[in-house]
Each structure stands twice: as C-alpha cells, then as structure tokens.
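Since the structure comes first, as structure tokens, the remarks are kept for the end.
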Amino acid sequence: NSPVAMGRKTYWSLPDKFRPLPRRENVVLTRSPEMFRGEKVTLVDNFQKIVDRANQQEVFVMGGAEVYGLALPHTREMYLTRVHAYPVGNVFFPEWHEGDWQLISREDRSCDDRNQHNFTWEIWKRR
C-alpha cells in the first residue's frame, strides 16, 4: 500500500478500471495540472517533492522514462522488470551502472494469461 509516483503519460496509460491505482496514494508529476480535474491523485510539479516524501516512507516509482531518470540518483533499491519484447514506440529505462548495484534476486517468468511477453523480475540494491 505504499504510494506510487509516475508521470502524466504513465498515469493516463493505465486502464480506466485501474486509474487511479487502488489502495494507495497515486502521486503524479505533471506540468499540466488542469488535465487532472476530478481525478483522485496527488499532483506535484517537481521531482523534489517526491524525494521529500520518500524520506518519510517508501515510494514506488513506476515511470515513465523521464521520471525514472530523475529518480535513479535517489534510489536505494530497484524492482526491475525486464520485458523480453520491443514494442513499437517503447521507451527505455535510463542507463545505469550495474557495478554500483548488487543483484539480490532474479526470476524468469513466461508469458501467461496476464502477461503477453516473457519477462525477468530482478531486485537490485545500491552498494
């Protein structure tokens, strides 16, 4: 039930029935707060407000690429999903140096009813 933080495009990419994500605070980083009238989300206009919140509790950052880039220098632990596909228009996680991190666990998963592609679930901790 930890808060989730995301950019505007990631928020609007969630299926209607999951927007906002249930049972947790949804924090959306946006320069366009007028697009969120009536939405039950917490809006922030700069990433530092998310960092300040993280000092009080764990916050899960769930994209997009620009938000991941802003979060990476502040991150102590990553739950990284590597999807084994290259969809058209896909964006990518920012570059990071594995030498700065320790792989804690790795689990390969096959596609199924809920997942269209094979993927690998990894947990990394900053050294």
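Predicted, not measured: the structure shown is a model, and the values here were computed from it. Counting from 1, the numbers follow the sequence of the chain as shown.
Summarising the local packing, CZ of Arg24 is surrounded by more than 12 heavy atoms from other residues, nucleotides or ligands at distances under 6.0 Å. No more than 12 heavy atoms of other residues, nucleotides or ligands sit less than 6.0 Å from atom CD of Glu95. Heavy-atom contacts from other residues, nucleotides or ligands closer than 6.0 Å to CD of Gln48 number more than 12.
Side chain of Asn26 to main chain of Val41: no donor-acceptor pair is present (N/O by atom type, distance under 3.5 Å, no hydrogens or angles). A side-chain donor-acceptor contact under 3.5 Å links Asp112 to the backbone of Arg114. With Arg127 contributing its side chain and Gly99 its backbone, the two residues share a donor-acceptor pair below 3.5 Å.
Two different hydrophobic clusters hold Met62 and Leu72 under the rule that ILVMFWY side chains link at heavy-atom gaps under 4.5 Å. Residues Trp124 and Tyr68 fall within the same hydrophobic cluster, defined by Ile, Leu, Val, Met, Phe, Trp and Tyr side chains chained together at heavy-atom separations under 4.5 Å. Cluster membership check: Met6 shares its hydrophobic cluster with Tyr79, using side-chain heavy-atom separations under 4.5 Å among Ile, Leu, Val, Met, Phe, Trp and Tyr. There is a path of hydrophobic side-chain contacts, each under 4.5 Å, that joins Met78 to Val67. Residues Val44 and Leu70 share a hydrophobic cluster, clusters being chains of Ile/Leu/Val/Met/Phe/Trp/Tyr side chains in contact below 4.5 Å.
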Worked check of side chain to side chain contact (heavy atoms under 4.5 Å, CB included) between Leu21 and Leu14: CA-CA 8 Å; Leu21 292 172; Leu14 297 172; 4.0 Å; yes

Please report the C-alpha distance between Arg8 and Glu39 in whole Å, then the side-chain angles of each, then the deciding distance to 0.1 Å, and finally whether the salt bridge (Lys or Arg N to Asp or Glu O under 4.0 Å) criterion is met. CA-CA 12 Å; Arg8 172 185 53 84; Glu39 296 292 319; over 6 Å; no

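Side-chain contact check for Val59 versus Ile50: some heavy-atom pair is nearer than 4.5 Å.
The shortest heavy-atom contact between Cys111 and Asn118 is N-OD1, 2.8 Å. Across all their heavy atoms, Val83 and Phe119 have their closest contact at CA-CB, 3.9 Å. Shown here for Ala65 and Pro94, the closest heavy-atom pair between the two residues is O-CD, 4.3 Å. Nearest heavy atoms, Thr10 versus Gly63: OG1-C, 3.2 Å.
Distance CG/Asn115 to OG1/Thr81: 9.0 Å, rounded to 0.5 Å. Distance NZ/Lys9 to OG/Ser32: 10.0 Å, rounded to 0.5 Å. In this structure, CZ on Phe36 lies 11.5 Å from OG1 on Thr42, to the nearest 0.5 angstrom. The CD atom of Glu122 lies 11.0 Å from the CD atom of Glu107; values are rounded to the nearest 0.5 Å. Distance check, rounded to the nearest 0.5 Å: CG of Asp45 to CG of Leu29 gives 8.0 Å. Atom NE2 of His97 and atom CG of Asp100 lie 6.5 Å apart (nearest 0.5 Å).
Using bins of under 30°, 30° to 60° and over 60° for the plane-to-plane angle, the ring pair Trp101/Trp96 lands in the perpendicular bin.
Classification of Arg19 and Asp16 as a salt-bridged pair holds, one side-chain N sitting under 4.0 Å from a carboxylate O. One finds no salt bridge joining Arg126 and Glu98 here, because no Lys/Arg side-chain nitrogen approaches an Asp/Glu carboxylate oxygen to under 4.0 Å.
Its side chain within the 4.5 Å cluster rule, Phe92 clusters with Tyr86 among the Ile, Leu, Val, Met, Phe, Trp and Tyr residues.
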